[in-house]
Amino acid sequence: MTISNEWIPIAQIRTASIATKWLGKAIEVRGWVRTRRDSKGGFSFLEINDGSSFGNLQIVAPNALANYESDVLNLSVGSSVTIKGVLKESPGEGQSFEMEASAIQVTGQADPQTYPLQKKRHTFEKLREWAHLRPRTNTFGAVTRVRNRLSYSTHQFFQDEGFFYIHTPIITASDCEGAGQMFRVTTLPLDKLPIKEGKVDSSQDFFGKPAFLTVSGQLEGEVYACAMGKIYTFGPTFRAENSNTTRHLSEFWMIEPEAAFYELPDNMALAERYLKRMIRDCLQDCVEDMEFFDKMIQPGVVATLQLVLDKPFEHLSYTKAVEVLLASGQKFEYPVHWGADLQSEHERFLTETYIKGPVILYDYPAAIKSFYMRINDDQKTVRAMDVLVPGVGEIIGGSQREERLDVLLERMTASGLKEEDYWWYLDLRRFGSVPHAGFGLGLERMVQYVTGMVNIRDVIPFPRTPGNAEF
RNA sequence: UCCCUUGUAGCUCAGUCGGCAGAGCAACGGACUGUUAAUCCGUGUGUCGGUGGUUCGAGCCCACCCGGGGGAGCCA
């Protein structure tokens, strides 16, 4: 049996407009068997998935095939196959097209006695133990394609808007980013650490000083924004927090745009355009996947996203938000008062009950936000913004940065930070300082929002959480 | 890190009062069928998370340890 090297993605056959051009023609597909149904009518049905689309291709395998008895009747779930045949309109219900096989080559068998995946539904918890096999399931295939689309949209959006893609460092020697607990990076022998004056002598370490995995590329992003105008980063970030929730990972992917001459309103508008671009692209290009999420994962998610596209985002100052919460009559576990950070129950009320959609909160009390956020004229609040969405909560956190050297120095002193650790960051304010702003978006939270997937561990291929780095 | 909850067949789970370890699905064998998570008949399946204790006897009670899930905090 000779099989050519030309095969077509099943996604093409799932798209009626493209499929028609293959009708009646000999084609080849390659993929994995999802299920086999034998018929005594002299043929078997195979469902083949190759990852290119949510839907499968139904193969009709006639018993006239030379290897029908020996191979086809032994094909089990998970086996890989290469199939040649002719694309036809399907007389059966459930699919428009099917392929009448003329040659089936079994590439790799999957022993049904030991192959963990069944045709039946598995819990997400169990599938996490099989992270190497779960992309072969409907849900994880769909999540993977949506995640890919969101990543692609990110680059398309920022490139279209004139932002430069900047690669900020993964390893950083400044532990001053302040966004959370950091992972230490070292080549020192852990069983025999060099000790000097009772402390680890980091001068002997690889970089001659303590080094860490980045928690944010923001400070480096500001450097490039203050030269290139508009930049964005898109890379992995690491947080060594011992958090065990459905919305936190130890390793996650973050998109951080930063733009010179941008003030907070520009920043908010950018965030809104960006989120809408991603949603629009997913609804347009991941139709089958989104239909699946809408039906099986979170009923109504498509309509909700469509609604988000049609309406401008609500804006609410922190002060107004506190008033709304106080006036709501809702009983909260944590009482609300001006100056306190909003708890997730408060955020949930605002976005899920009060606004019923995305909401941008801004102008937070200075005391609960980072030192680099620009102080407002009231001296009490800073130009910070959070974008909250129903279900997920905070999906974006950002701010206009403090560009005035004297004010920034004051804020650093008040936060107990040392000027010398930030000399290069402060230089941006010494030489040609400009107003600038940016934000960070957690890719996984965006995937959660768009798909309705409840647990963040199920929207990243190989989740890293406290106590779990398998695979 | 704190609180709650959970761990029994490949998977999902039941297991009463402490007294021989169970069901459905999957798998396998057969029947039937342009089938759609096909259907029908039949067959097999166990370190009851681990260690120790109480008891004539522990899946069940007690102690400690490990894993999973949910909530909180931290944040994206």
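Below, read A as the first sequence line, B as the second, and so on, with proteins coming before strands; counting in each chain starts at 1.
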Check the distance between [N]'s [atom2] and [X]'s [atom1] and give it to me in whole angstrom.
{"X": "A:His248", "N": "B:G70", "atom1": "NE2", "atom2": "P", "value": "14 Å"}
{"X": "A:Phe183", "N": "B:C74", "atom1": "CZ", "atom2": "C1'", "value": "14 Å"}
{"X": "A:Glu129", "N": "B:G49", "atom1": "CD", "atom2": "C1'", "value": "12 Å"}
{"X": "A:Leu133", "N": "B:C11", "atom1": "CG", "atom2": "P", "value": "13 Å"}
{"X": "A:Glu347", "N": "B:A76", "atom1": "CD", "atom2": "P", "value": "11 Å"}

Handout entry: Mutual orientation of the aromatic rings belonging to A:Phe471 and A:His132 [parallel < 30°, tilted 30-60°, perpendicular > 60°]
Key =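 Correct class here is parallel.
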
Practice task
Return the orientation label for the A:Phe158 and A:Phe439 ring planes: parallel under 30°, perpendicular over 60°, tilted otherwise.
Solution key: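 A:Phe158 vs A:Phe439 ring planes: tilted.
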
Charged N to carboxylate O below 4.0 Å: is that the case for [X] and [Y]?
{"X": "A:Glu402", "Y": "A:Arg411", "value": "no"}
{"X": "A:Lys88", "Y": "A:Glu100", "value": "yes"}
{"X": "A:Asp386", "Y": "A:Lys369", "value": "yes"}
{"X": "A:Lys126", "Y": "A:Glu129", "value": "yes"}
{"X": "A:Glu444", "Y": "A:Arg147", "value": "yes"}

Exercise for the section: Produce a footprint string for nucleotides 31-39 of chain B: one letter per nucleotide, 5' end first; B if the base is under 4.0 Å from any protein heavy atom, S if only the sugar-phosphate is, - if neither. Expected result: --BBBB-S-

Could you list, one pair per line, each protein nitrogen or oxygen that sits under 3.5 Å from a nitrogen or oxygen of nucleotides 2-9 of chain B, together with the distance?
none

Is the phosphate of [N], meaning OP1 or OP2, less than 4.0 Å from a side-chain N or O of [X]?
{"X": "A:Gln343", "N": "B:G73", "result": "yes"}
{"X": "A:Arg239", "N": "B:G73", "result": "no"}
{"X": "A:Arg457", "N": "B:G70", "result": "yes"}
{"X": "A:Ser344", "N": "B:A72", "result": "yes"}
{"X": "A:Thr123", "N": "B:U12", "result": "yes"}

Practice task
For residues A:Tyr165 and A:His155, establish whether the separation of their ring centroids is below 6.0 Å.
Solution key: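 Between A:His155 and A:Tyr165, which both carry aromatic rings, the centre distance is below 6.0 Å.
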
Practice task
Verify whether the ring centers belonging to A:Phe163 and A:Tyr224 lie closer than 6.0 Å.
Solution key: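 That pair fails the under 6.0 Å test.
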
Handout entry: Which nucleotides of RNA chain B pair, in dot-bracket form (Watson-Crick or G-U under 3.5 Å, | meaning another strand)
Key = (((((((..((((.....[..)))).(((((.......))))).....(((((..]....))))))))))))....

Handout entry: Aromatic A:Phe157 / basic A:Arg277 pairing, under 6.0 angstrom, 45° off normal
Key =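 Judged by the rule, A:Arg277 and A:Phe157 form no cation-pi pair.
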
Handout entry: The single option from A:Thr351, A:Val336, A:Val324 passing side chain to side chain contact (heavy atoms under 4.5 Å, CB included) against A:His346
Key =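 That would be A:Val336; it is the only one of A:Thr351, A:Val336, A:Val324 passing the side chain to side chain contact (heavy atoms under 4.5 Å, CB included) with A:His346.
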
Problem - Base B:G10 to side chain A:Gln113, donor-acceptor N/O within 3.5 Å cut-off - result: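 Donor-acceptor pair under 3.5 Å: no.
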
Exercise for the section: Give a yes or no on whether a donor-acceptor pair under 3.5 Å exists between the nucleobase atoms of B:C11, that is its base, and the side chain of A:His122. Expected result: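 For A:His122, whose side chain was compared with the base of B:C11, there is no donor-acceptor pair (under 3.5 Å).
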
